[in-house]
Student: 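Okay, handing you the structure first.
Predicted, not measured: the structure shown is a model, and the values here were computed from it. Each chain gets a letter, A, B and so on, in the order the sequences are listed, and its residues count up from 1. Only heavy atoms go into these numbers, but all of them, side chains included; no hydrogens, no water, no symmetry mates.
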Amino acid sequence: MSSSDPFDLGAADEDAGAAPLPRPGGIAARAAGMAPPPYLAKLNPEQRQAVETTEGPLLVLAGAGTGKTRVLTTRLAHLLHSRKAYPGQILAVTFTNKAAREMKDRIEGLIGGVVEGMQWLGTFHSIGAKILRFHAELVGLRSDFSILDTDDQIRLLKQLIRAHEIDEKRWPARQLAGHIDGWKNRGLTPDKVPQGEAASYGNGLGTKLYAEYQERLKILNAADFGDLLLECLRLFQENPDVLARFQQRFSYMLVDEYQDTNVAQYLWLRLLAQGHKNVCCVGDDDQSIYGWRGAEVDNILKFEKDFPGAVVIRLETNYRSTPHILSAASGLIAHNEGRLGKTLRTDLNAGEKVHIRGIWDGEEEARAVGEDVEQLQRKQHRLDEMAILVRASFQMREFEDRFITLGLPYRVVGGPKFYERAEIRDALAYLKVTAQPDHDLAFERIVNQPKRGIGSTSVQKIHGYARSQGISLYRAAQNMIETDELPAKARSSLTTLLQSFSRWRTLIDGISHVELAEMVLDESGYTEMWQNDRSPEAPGKLDNLKELVRSIDEFENLAGFLEHISLVMDTGTDQADDKINLMTLHSAKGLEFETVFLPGWEEGLFPHQRALDENGRAGLEEERRLAYVGITRARKRCKISFAQNRRIHNLWQSAIPSRFLDELPEADVEVEENRSAYGGYGGFGESSFDNLDPYASSYSTPGWQRARNAHAAGKTRHADPKTIEGELVAREDADSISFDMGERVFHEKFGYGQIASIDGNKLTIDFDKAGRKRVLDNFVKRH
DNA sequence: CTGGAGGATCTTTTT
DNA sequence: GATCCTCCAG
């Protein structure tokens with residue numbers, strides 16, 4: 001990581017004596033030519049083929065639990081071991097830092113030594129940032145550009161929106177941020193955004209604001225997450241010589257979770273792969289769950305077309321789950337169209353069926369899960385080996401409450417990120433301003449935090465001056481404290497602050513960075529602010545600050561720390577303790593547990609209503625993949641539950657069991673029916689209290705009953721992929737209504753509006769309150 | 001400039 | 001229910 005030369009292959013290090021990896025005479029030499037190296041022996045034939053097919057484009061379709069990571073890491077080890085490439089010639093990209101770290105650790109395990117010189121193993125974002133730093137000037141940045149996170153991004157956008165006097169209520173900055181992210185994910189610079197899409201924000205100002213935002217970023221010498229890829233892409237496209245050198249250098253490329261790549265990433269990979277063409281992508285189209293973030297399942301579906309001569313290898317032997325679990329998951333996912341298709345096999349013994357139960361409400365659900373957990377615990381099952389996977393994070397609360405009551409230790413995985421907490425961001429802002437005074441966003445964040453009498457009017461003034469002079473806020477402030485522009489109080493405290501900063505700055509190379517950080521936080525009065533705070537959160541915040549300072553210690557210097565923290569920052573979680581895991585389905589991808597609880601399988605929650613509303617059938621399929629991911633996390637036990645009533649933002653709603661329950665093959669599930677009344681369901685949104693049908697059978701979704709009837713009639717139940725989105729919830733108006741342009745309609749969620757355009761069953765409606773939305777016709781009523 | 005009161009809005013997933 | 005924002009009085 002320390003190399004400052006992008007064209008250092010990692011080989012020079014070795015020659016210089018670091019010898020991180022086998023050299024002639026090392027293990028490699030012994031392995032070469034002779035008996036196959038030991039690591040290959042642990043692989044099944046497909047896996048082995050995936051490892052040994054080193055040349056040319058290769059797509060490895062790795063179903064859940066088929067040893068994907070093992071293949072990836074072994075392949076990497078193999079490339080190094082057989083000396084096909086130096087560490088610095090391999091590009092290996094992952095999506096998460098966790099995945100990158102794991103890969104690194106496992107390679108080290110295989111090779112039996114520390115992997116050094118693997119400078120190009122990391123997330124898309126960190127690698128993009130690295131490349132960009134080498135050639136920053138070519139895209140209008142300096143090499144020490146800072147990386148903005150979502151929060152900074154939104155604050156910056158707000159400034160621009162205000163400057164245009166756009167109504168922030170009607171056009172929230174978040175929304176614009178969403179659009180910009182979306183464009184960046186699709187590889188679109190402002191000039192390439194299709195005309196029509198500009199209209200989607202601020203009466204057509206969308207693109208203009210995007211362009212201005214990009215300009216502001218350049219002035220601030222900053223890049224947001226999307227830029228790390230998009231600007232890198234632009235760099236390659238506009239500078240063929242630069243591209244050629246990278247193409248040349250990466251003799252082998254590995255991509256993990258290929259199904260999650262977005263267009264920008266895809267283009268980026270494709271450009272780079274044109275050199276040696278040895279690109280190996282590993283993924284599973286059935287586990288693509290990031291479509292909302294711009295991932296294109298299509299990338300994996302059309303791999304063979306994009307990379308002529310590509311070899312496709314399927315890994316279909318599942319080593320994780322017992323047959324019932326596997327077959328339940330397979331049965332479910334078979335309802336999706338547009339998949340490459342795989343048949344997962346396992347040699348394990350049948351094991352338990354997937355357990356389904358209906359429950360009265362969310363609280364009871366948590367109680368029931370708690371009981372199960374305790375029971376398993378009594379049978380000596382480890383809590384580590386159990387996980388509760390929820391669709392939406394608000395579901396976690398009930399479980400947390402319950403576990404606290406029971407005294408069950410639990411761990412929330414991927415919860416609010418450490419670095420996203422306000423106090424951490426403040427502290428970081430102080431450090432950033434210390435290191436980089438021109439970091440305007442950081443400066444603005446802490447200038448009056450703790451309160452120093454520098455209110456928004458003063459900040460506004462500094463802003464105006466800075467802009468007129470084309471200088472940073474920090475420098476503007478420096479000038480202004482020498483004038484009477486600011487009120488006396490503001491002026492004096494600002495003077496003190498600036499003096500402190502310059503003093504701290506002189507110490508950067510003088511004292512250890514940990515000491516410096518402590519000094520900055522103490523002397524600025526920031527720590528004191530929290531010490532004086534009597535709110536219940538204050539102690540926790542102080543702890544977090546301590547933790548932050550402690551973690552700085554792990555880095556060589558302040559700059560290194562700041563770079564790292566903007567991209568990574570999962571402070572080492574307490575992995576060691578035996579705790580039950582609580583997380584969203586999304587963050588469970590790639591993990592496995594002996595027992596998995598899947599609560600909240602109700603229409604509207606899972607599949608999530610919003611996914612259906614916004615993306616129709618594609619949204620439904622993604623939800624189904626999410627369900628598939630959930631089930632396939634389980635090794636031995638999978639317990640699904642649904643509640644009859646659920647409180648969603650403080651409103652009780654009756655719920656219908658998820659259609660996904662109907663889609664699980666009956667042979668692989670057992671339904672617990674001995675619970676009390678979980679009877680009929682009313683219309684969507686109505687309370688079942690008003691509408692209880694005492695004669696309804698206990699497990700009564702329409703689909704389930706269809707299945708029963710079909711079964712009774714002696715027919716095998718056909719997979720019914722024609723269940724369209726929203727069918728279960730909007731069947732009252734069974735005969736499809738057709739709408740006309742300009743018609744006034746009512747939508748449960750968005751209120752009244754007028755139809756602007758019609759595309760099949762998808763309507764674009766200008767709602768009076770909610771603005772323009774795309775909705776499905778099932779969900780609107782004629783007004 | 002600050003702090004509190006009251007109001008509106010929003011709750012899917014995240015590098 | 002929680003947070004974020006705006007408005008208003010000191």
Student: Answer with base, sugar-phosphate or nothing: what part of the nucleic acid does S458(A) contact at a heavy-atom distance below 4.0 Å?
Tutor: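 Sugar-phosphate, backbone atoms only, no base.
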Student: Check whether the ring centres of F225(A) and H125(A) lie less than 6.0 Å apart, and answer yes or no.
Tutor: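 Between F225(A) and H125(A), the centre distance is under 6.0 Å.
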Student: In whole angstrom, what separates E257(A)'s CD from dT15(B)'s P?
Tutor: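 My rounded result for the distance is 13 Å.
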Student: Whole angstroms only, please: what is the CG-P distance between D256(A) and dT15(B)?
Tutor: 14 Å
Student: Using atom CH2 of W292(A) as one end and atom C1' of dT15(B) as the other, report the distance to the nearest whole Å.
Tutor: 9 Å
Student: Rounding to an integer number of Å, can you tell me how far Q287(A) CD sits from dT14(B) P?
Tutor: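 After rounding, the reported distance stands at 16 Å.
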Student: Considering only side-chain heavy atoms of S587(A), which listed nucleotide, dT14(B), dT15(B), dT11(B), is closest?
Tutor: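 The answer is dT14(B).
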Student: dT15(B) C1' sits how many Å from L132(A) CG, rounded?
Tutor: 16 Å
Student: Rounded to the Å, how far apart are R646(A) CZ and dT11(B) P?
Tutor: 19 Å
Student: Is it true that the NZ or CZ of R293(A) lies under 6.0 Å from the centre of Y290(A)'s six-membered ring and within 45 degrees of the ring axis?
Tutor: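 Satisfied, under 6.0 Å and within 45°.
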Student: Under 4.0 Å between any heavy atoms, over every strand shown, what does K589(A) touch: base, sugar-phosphate, or nothing? Just pick one.
Tutor: nothing
Student: Looking across every strand, which nucleic acid part, if any, lies under 4.0 Å from F124(A) by heavy atom: base, sugar-phosphate, or nothing?
Tutor: nothing
Student: Have a look at H608(A) and say if it touches a base, only the backbone sugar-phosphate, or nothing, with a 4.0 Å heavy-atom cut-off.
Tutor: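 Counting heavy atoms under 4.0 Å across all strands, the contact made by H608(A) is with sugar-phosphate only.
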Student: Please work out which of the three classes, parallel, tilted or perpendicular, describes the rings of W183(A) and Y210(A), given edges at 30° and 60°.
Tutor: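 Answer is parallel, since the angle falls under 30°.
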Student: For F95(A), report the nucleic acid contact type (base, sugar-phosphate, nothing); a contact means any heavy atom under 4.0 Å.
Tutor: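 Sugar-phosphate, backbone atoms only, no base.
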Student: Show me the protein contacts with nucleotides 2-9 of chain B, counting only N or O atoms at under 3.5 Å.
Tutor:
from   : atom 1 : to      : atom 2 : distance (Å)
dT2(B) : OP1    : G453(A) : N      : 2.8
dT2(B) : OP2    : N448(A) : ND2    : 3.3

Student: Is the NZ or CZ atom of R133(A) positioned over F145(A)'s six-membered ring, under 6.0 angstrom from the centre and within 45° of the axis?
Tutor: yes
Student: Can you tell which of dT15(B), dG1(C), dT14(B) lies closest to the side chain of R397(A)?
Tutor: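 Per side-chain heavy atoms of R397(A), the pick is dG1(C).
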Student: Is the ring centre of F399(A) less than 6.0 Å from the ring centre of Y410(A)?
Tutor: no
Student: With the criterion set at under 5.5 Å between ring centres and under 30 degrees between planes, would dT15(B) be stacked on F225(A)?
Tutor: yes
Student: Whole angstroms only, please: what is the CG-P distance between N97(A) and dT14(B)?
Tutor: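 To the nearest whole Å, that distance equals 14 Å.
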Student: Salt bridge (charged side-chain N to carboxylate O under 4.0 Å, His left out): which pairs involve residues 449-463 of chain A, sequence neighbours left out?
Tutor: none
Student: Report the distance from atom CG of L157(A) to atom NE2 of H179(A), rounding to the nearest 0.5 Å.
Tutor: 11.5 Å
Student: Rounded to whole angstroms, how far apart are NZ on K98(A) and P on dT14(B)?
Tutor: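 Between P of dT14(B) and NZ of K98(A): 11 Å.
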Student: On DNA chain B, check which nucleotide each of V459(A) and T94(A) is closest to and give me the residue with the more 5' one.
Tutor: V459(A)
